[in-house]
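Letters go in sequence order (proteins before strands), and every chain restarts at 1.
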There are 2 protein chains.
Amino acid sequence: MPDDPWQPPRILLAVDLVILTLRDARLHVLLVERGVDPFLGALALPGGFLRDEHEDIEAAARRELSEEAGLTDVHLEPLAVYGEPGRDPRGRVVSVAYLAVAPRLPEPVAGTDAAGASWTPVDDALAPDAKLAFDHRRIVIDGVERARTKLEHTALATAFCPETFTISELQQVYEAVWGVSLDPRNFYRKVQGARGFIVADGPMRKTPNGRPARLFKAGPVHVLIPPMTRP
Amino acid sequence: MPDDPWQPPRILLAVDLVILTLRDARLHVLLVERGVDPFLGALALPGGFLRDEHEDIEAAARRELSEEAGLTDVHLEPLAVYGEPGRDPRGRVVSVAYLAVAPRLPEPVAGTDAAGASWTPVDDALAPDAKLAFDHRRIVIDGVERARTKLEHTALATAFCPETFTISELQQVYEAVWGVSLDPRNFYRKVQGARGFIVADGPMRKTPNGRPARLFKAGPVHVLIPPMTRP
DNA sequence: GCAATAGTGTCTATAAGACAGTATACC
DNA sequence: GGTATACTGTCTTATAGACACTATTGC
């Protein structure tokens with residue numbers, strides 16, 4: 001007679017999104033107010049469960065990005081997995097976190113699903129008294145840290161910018177994400193020295209007061225050589 | 001009357017391990033021969049399903065490391081998630097891959113579970129005609145690439161070495177993992193310049209023919225400043 | 001002595017940071 | 001003119017790579 005055969009456990013899989021953008025020269029993250037328990041009323045990252053057993057994980061991330069934030073065509077990449085038992089009071093939930101980066105957008109996100117979606121300055125979201133649902137504080141920290149290091153070695157910074165941008169706009173991205181201030185003159189030299197990072201596009205852009213600036217767009221290269229070193 | 005409420009799908013969670021070591025100055029990865037379908041007889045990474053719903057994912061990785069490779073106390077860190085639908089013919093399986101690095105060990109691993117465990121040169125495992133089970137070829141590629149970049153910025157190289165080692169042994173780690181040859185004189189200078197990377201330990205080690213070398217052990221620092229730049 | 005490995009020093013090209021100075025806009 | 005922003009050039013210092021040289025072993 002056969003004894004009871006061991007069966008592997010089945011668990012719930014979720015996706016969570018750290019969506020970063022720049023507003024008023026400050027780094028912001030998109031948070032939604034939870035409408036259901038657990039953590040009802042608390043702030044949380046956009047995300048949710050896989051829709052069905054056949055949905056691709058990154059596809060689920062893009063679906064949530066669209067449903068909860070009304071965003072499409074943004075830079076998206078895997079961040080990490082969070083699967084500690086007990087991280088979700090509803091049971092064993094393993095979450096795959098993604099990092100998304102979007103250019104500045106018109107005010108309150110036209111979210112269909114989450115009316116309470118709002119851009120929050122990262123400093124506020126991570127303030128000691130701020131309370132985020134689940135382990136989302138840790139996920140935000142990891143996402144921001146990932147963005148900081150990717151800014152050094154890849155062209156991720158252009159994902160924060162509109163299609164065309166000036167060099168000083170690009171500098172603001174670096175300053176906001178790294179939380180430092182940079183010398184514009186040295187920044188010009190470095191950014192132009194990274195081959196294929198940015199290419200000229202169109203003539204000039206007027207500024208409120210001062211000399212017009214040249215416009216650039218993202219170049220073909222994604223790995224920066226030489227890298228943009230963080231101070 | 002309530003309509004059928006939507007329920008999120010439940011999936012199977014696995015761990016897979018990319019275990020790297022150095023043998024004969026070449027980078028090797030631990031592979032096991034599969035004893036069951038699917039991919040019966042093919043080579044695969046050590047790994048398996050979560051034992052039960054309450055097992056921590058990293059704990060599961062350490063358990064497989066011990067069961068399938070007889071290894072404990074090795075460097076272990078999360079690598080990535082692989083969850084594409086269809087990657088496992090048995091159904092929807094999402095795998096969390098870990099990178100493990102071990103010092104050189106006595107020949108055939110004293111594996112309890114997997115008798116067929118064997119160290120394979122990474123070049124062979126990734127040769128065009130080599131066939132690995134599932135998407136394990138991709139996972140090995142990602143693991144090796146992770147090791148390469150971590151060698152630049154962290155003290156990971158010491159995890160390939162026994163407790164005490166000479167500088168030229170450490171150089172062999174870099175040469176094997178990066179697949180390049182380095183100038184020993186510049187390597188000495190750089191390795192000593194990374195503060196806290198290695199510290200002197202014990203007097204000398206005899207060599208078959210030549211001047212004895214000083215012994216070092218891993219220092220307290222894990223982030224290398226300045227980094228070891230790859231040629 | 002010779003061969004082999006360990007370790008030090010020195011030179012040079014490159015890259016990074018500081019910062020002077022010029023150019024072009026609006027007022 | 002004054003102010004603000006955009007850009008260019010130069011100087012100094014730190015770092016990386018090439019490589020000459022010395023040191024200590026076994027034979």
Side-chain angles (χ1 to χ4, degrees), chain A residues 24-25 151-153 157 161 164-176 178-217 221 223-231, chain B residues 24-25 149 151-153 157 161 164-176 178-217 223-231:
Chain A
D24 310 318
L151 240 48
E152 292 191 83
H153 299 97
C161 296
T164 65
F165 50 87
T166 67
I167 291 188
S168 65
E169 284 169 346
L170 192 61
Q171 180 180 344
Q172 285 178 32
V173 173
Y174 279 88
E175 292 184 325
W178 283 349
V180 300
S181 72
L182 303 170
D183 183 312
R185 299 161 294 188
N186 292 334
F187 186 81
Y188 274 65
R189 182 161 37 84
K190 281 174 86 164
V191 119
Q192 306 258 29
R195 293 172 288 275
F197 184 10
I198 56 173
V199 296
D201 181 89
M204 296 287 170
R205 169 177 298 171
K206 305 234 174 184
T207 54
N209 191 15
R211 173 177 173 176
R214 281 188 292 181
L215 286 173
F216 294 85
K217 62 181 178 187
V221 169
V223 177
L224 301 185
I225 300 171
M228 304 286 293
T229 52
R230 205 187 328 188
Chain B
D24 309 318
T149 62
L151 240 49
E152 293 191 84
H153 299 97
C161 297
T164 65
F165 50 87
T166 67
I167 290 188
S168 64
E169 284 169 347
L170 192 61
Q171 180 180 344
Q172 285 178 32
V173 173
Y174 278 89
E175 293 184 325
W178 283 349
V180 299
S181 73
L182 302 170
D183 183 311
R185 299 161 292 186
N186 292 334
F187 186 81
Y188 274 66
R189 184 161 37 83
K190 281 172 85 162
V191 120
Q192 305 259 29
R195 294 172 288 274
F197 185 11
I198 56 172
V199 296
D201 180 89
M204 296 286 172
R205 169 177 299 169
K206 304 235 175 186
T207 53
N209 190 16
R211 173 176 173 177
R214 283 187 291 181
L215 286 173
F216 294 85
K217 62 181 177 186
V223 177
L224 301 185
I225 302 171
M228 304 287 292
T229 51
R230 201 184 335 184

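- Applying the salt bridge (Lys or Arg N to Asp or Glu O under 4.0 Å) definition to pairs two or more places apart or across chains, those involving residues 179-188 of chain A are A:D183-A:R185.
- To the nearest 0.5 Å, atom CE of residue B:M204 and atom OG1 of residue B:T166 are 11.5 Å apart.
- Counting 5' to 3', DNA chain C first comes under 4.0 angstrom of a heavy atom of chain B and last does so at the ends given by C:dA4 to C:dT8.
- Listed by chain and number, the residues in a side-chain hydrogen bond (donor to acceptor under 3.5 Å, both in side chains) with A:R189 are A:N186 (sequence neighbours excluded).
- When each of B:Y188, B:F216, B:F197 is tested with B:L170 by the rule side chain to side chain contact (heavy atoms under 4.5 Å, CB included), just one qualifies, namely B:F197.
- Residues that satisfy the side-chain hydrogen bond (donor to acceptor under 3.5 Å, both in side chains) test with A:S181, not counting sequence neighbours, are absent from this structure.
- Under the rule for a salt bridge (charged side-chain N to carboxylate O under 4.0 Å, His left out), A:E175 has no partner lying at least two apart in sequence or in another chain.
- In this structure, the side chains of B:T149 and B:R230 come closer than 4.5 Å at one or more pairs of heavy atoms.
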- For each nucleotide in nucleotides 4-16 of chain D, reading 5' to 3', give B when a protein heavy atom comes within less than 4.0 Å of its base, S when such contact involves only the sugar-phosphate, and - otherwise. BBBBB--------
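- The distance from the CG atom of A:L151 to the OH atom of A:Y174 is 4.5 Å, given to the nearest 0.5 Å.
- Residue B:D183 contributes atom CG, which lies 11 Å from atom P of D:dA20 at whole-angstrom precision.
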